[in-house]
Amino acid sequence: MSIFVKPQGNQPYGNGQQEYSISRLNLLRKVHPVKILLATYWELPHLGGVWPLMSQLKESLESRGHEVDIMGNSNDYFHIINKNERLHKETLMPLILSKLSRSCLALSPWIMQTEADRYCMELSAAYFGIANYDLIHTHDAISSRALSRVKASHTPLVASLHGSLPNEIRLLPKTNGLTPVQKEQLVDFYQTLELEGVQSSTVTIASSQWMKNILTSQGVTPEQITVFPYGLDVNHFSKRMREKSDIVKPKGKKVIMYTGRLVHLKGIQYLLVALSKLHKARSDWECWIVGEGEMGNNLISFSMELGLSEYVKFLGSRNDIPALMGMCDIYVQPSLQDNQPYSVIEAQVAGKPVVTTYAGGLPEMVQHGVTGLISPHSEAELLYQHLHLLLANDGFRKDLGRNAAEWGRTYWLLERNFENTLDVYSQALAKRG
């Protein structure tokens, strides 16, 4: 028996016409607790969607009586973050480097670093006692491949992929120091690693049809991939929107906001060009850029060169994102590639129109002219036109915001994401040997 939940409203927002099945028959709803490891190769804690997703999932699982640990990376060690257990890489690296093949060492330093880190993760997981878990849920292809090699054969592994590594490498700028040959080697390396990671899992979760299409184009069977969207604790986020912030909204101005990593793939450089055009057309706005990243200093310098110091505020890493989102008028996500950015979910729940691009899974999140405005990525002129339109037309902007709130508070329910995750866990546990 199943319950079918359909997004509400008259308009089929994004990919929202898809129905989601929540099975009543779920192994994890039984009385006995299950011990679960959530793991990622990426640094934790970290600005971005993976950390809050893993934290929310841990909290939800523990509310059902299950025992949950989170394993992640750091500059110097891998750690079980909730237990403050860590294993320093310097302890493992001499052994690992002695075993890496000469062919690997002769390739790109990025490949060598990733391979060495992956082996560090394998050894760290074994040290932490990975055999003690009933189920492992990884949140990237690299950790999926690593933990599949050291886990017990009967332990199911669920893999969630939140982006496409080879496609990210293809989009790197020429100024990143890689020769064309090295770049192609890196694309091939990550594509192989991504495929091996998915094929090592019992079940793979993709949050967008875009991500599933990438995987199936690489040879993954469609039956191995389950697609359902992320979730957000709507009530908790709404309460936090009403908290006070030390950032004050400027009087008489509307606020454009971006939050996320300051890296090439997020397209902030094109946003700044669009804002320089907007500055010449009108002055009734301010842009808040929230976050940190490797391009932070360059973006600040670029903003100053464009004469935007008075209009663009770089706020760094913040813990009051909901309050800032509550104050802004327009949310902008100018990505060159993105799967299902958490910040867009938050903006829609906050009732903000989203100005974004036809990149990755973003068109599945935003319906052009209904919940936001979409243009091709890297198109600063169209980005400028969309921002100008929303600033000039209060009624249209507010209509998009109301539609976004209706859509977001229905489609991004944390409960639906959690129930679908439990469904996948049950499937995986049923398959164990």
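Put simply, the side chain of T410 gets close to the backbone of E406: a donor and an acceptor are under 3.5 Å apart. A donor-acceptor pair under 3.5 Å links the side-chain atoms of D140 to the main chain of Y41, judged by distance alone. Put simply, the side chain of Q199 never gets that close to the backbone of E196: no donor and acceptor are under 3.5 Å apart. Between the side chain of Q224 and the backbone N or O of S201, at least one donor-acceptor pair lies under 3.5 Å. Without hydrogens or angle criteria, N132 side chain to G129 main chain gives a donor-acceptor distance under 3.5 Å. With hydrogens and angles ignored, the 3.5 Å screen pairs no side-chain donor or acceptor of Y127 with any backbone N or O of E122. Judged by distance alone, with hydrogens and angles left aside, the side-chain atoms of N403 form a donor-acceptor pair with the main-chain N or O of V370 at under 3.5 Å. Between the side chain of Q337 and the main chain of S164, a donor-acceptor pair closer than 3.5 Å is present. Of the possible donor and acceptor atoms, none in the side chain of E85 sits under 3.5 Å from a partner among the backbone N and O of H79.
You'll find the side chain of I36 stays beyond 4.5 Å of the side chain of D134, heavy atoms only. Between P173 and H264 there is a side-chain heavy-atom pair separated by less than 4.5 Å.
Note that OH of Y358 is 10.0 Å distant from CG of L382, once rounded to the nearest 0.5 Å. The line from OG of S124 to CG of L87 is 4.0 Å long, rounded to the nearest 0.5 Å. Rounding to the nearest 0.5 angstrom, the gap separating the OG atom in S144 from the CG atom in L161 is 6.0 Å. Rounding to the nearest 0.5 Å gives a distance of 10.5 Å between CG of L215 and OG1 of T221. Taking CG of D320 as the reference point, atom OG of S245 lies at 4.0 Å (rounded to 0.5 Å). Atom CG in L123 sits 11.0 Å away from atom CZ in R118 (nearest 0.5 Å).
Taking the six-membered ring for Trp and thresholds of 30 and 60 degrees, W407 and W412 have ring planes more than 60 degrees apart, a perpendicular arrangement. Between H88 and Y77, the two ring planes are perpendicular [angle over 60°; tilted spans 30° to 60°].
With sequence neighbours excluded, no residue satisfies ring pair (Phe, Tyr, Trp, His ring centres under 6.0 Å) with H377. Residues that satisfy the side-chain contact (heavy atoms from CB on, under 4.5 Å) test with K313, not counting sequence neighbours, are E286, W288, L315. Remark: E168 engages no residue in a salt bridge (charged side-chain N to carboxylate O under 4.0 Å, His left out) (not counting sequence neighbours). Applying the ring pair (Phe, Tyr, Trp, His ring centres under 6.0 Å) criterion to H368, with sequence neighbours excluded, gives H386. For S335, the side-chain hydrogen bond (donor to acceptor under 3.5 Å, both in side chains) partners two or more places apart in sequence, or in a different chain, are Q333, D338.
Test Y230, W210, W42 against H162 for ring-ring contact (aromatic ring centres under 6.0 Å, His included) and you get one pass: Y230. Looking at K249, K398, K352 one by one, the single match for salt bridge (Lys or Arg N to Asp or Glu O under 4.0 Å) with D329 turns out to be K249. Results of the side chain to side chain contact (heavy atoms under 4.5 Å, CB included) test with P353 over R402, R397, Q348 single out R397 as the only residue that passes.
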Output, in order, the C-alpha distance, side-chain angles, deciding distance and verdict of salt bridge (Lys or Arg N to Asp or Glu O under 4.0 Å) for K89 and D117.
CA-CA 8 Å; K89 296 177 185 179; D117 245 18; 3.2 Å; yes

How far apart are the C-alpha atoms of F128 and K83, what are their side-chain angles, what is the distance that settles it, and do they pass the side chain to side chain contact (heavy atoms under 4.5 Å, CB included) test?
CA-CA 11 Å; F128 293 140; K83 291 184 173 178; over 6 Å; no

Assess whether side chain to side chain contact (heavy atoms under 4.5 Å, CB included) is satisfied between I256 and L387, documenting all intermediate values.
CA-CA 8 Å; I256 301 163; L387 293 171; 4.1 Å; yes

Let me see the working for Q209 and N213 under side chain to side chain donor-acceptor pair (under 3.5 Å), right down to the final yes or no.
CA-CA 6 Å; Q209 190 62 43; N213 291 343; 3.2 Å; yes

Test side chain to side chain contact (heavy atoms under 4.5 Å, CB included) on I330 and V255 and set out the steps.
CA-CA 6 Å; I330 301 167; V255 171; over 6 Å; no

Verdict with supporting geometry, T138 and T40, side chain to side chain contact (heavy atoms under 4.5 Å, CB included)
CA-CA 6 Å; T138 56; T40 182; over 6 Å; no

Assess the residue pair E194 and Q218 against the criterion (side chain to side chain donor-acceptor pair (under 3.5 Å)); give the C-alpha distance rounded to whole Å, side-chain angles, the decisive distance to 0.1 Å, and a yes or no.
CA-CA 9 Å; E194 191 167 89; Q218 294 175 3; 3.2 Å; yes

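Checking T155 against Y133 by side-chain atom types alone, no donor-acceptor pair falls below 3.5 Å. Using modelled atom types and a 3.5 Å distance limit, the side chains of T202 and Q427 yield no donor-acceptor pair. N339 and S207 share a side-chain donor-acceptor pair at under 3.5 Å.
Heavy atoms of other residues, nucleotides or ligands lying less than 6.0 angstrom from CZ of F314 number more than 12. A 6.0 Å sphere centred on NZ of K35 holds more than 12 heavy atoms belonging to other residues, nucleotides or ligands. At most 12 non-hydrogen atoms from other residues, nucleotides or ligands lie less than 6.0 angstrom from CG of N297.
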Which side-chain N or O atoms in residues 52-61 pair as donor and acceptor under 3.5 Å with protein atoms at least two apart or in another chain?
unit_1, atom_1, unit_2, atom_2, d
S55, OG, W51, O, 2.9
Q56, OE1, Y342, OH, 2.7
Q56, NE2, G231, O, 3.2
Q56, NE2, Y342, OH, 3.2
K58, NZ, E62, OE2, 2.5
K58, NZ, V68, O, 2.7
S60, OG, Q56, O, 3.1

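Taking both residues in full, the closest heavy atoms of L147 and A39 are given as CD1-CB, 3.6 Å, listed atom of the first, atom of the second, then distance.
A salt bridge between R318 and D246 is present, with a side-chain N of the basic residue lying under 4.0 Å from a carboxylate O of the acidic one.
For an aromatic pair to be called close, the ring centres must be under 6.0 Å apart, and Y425 with H137 satisfies this.
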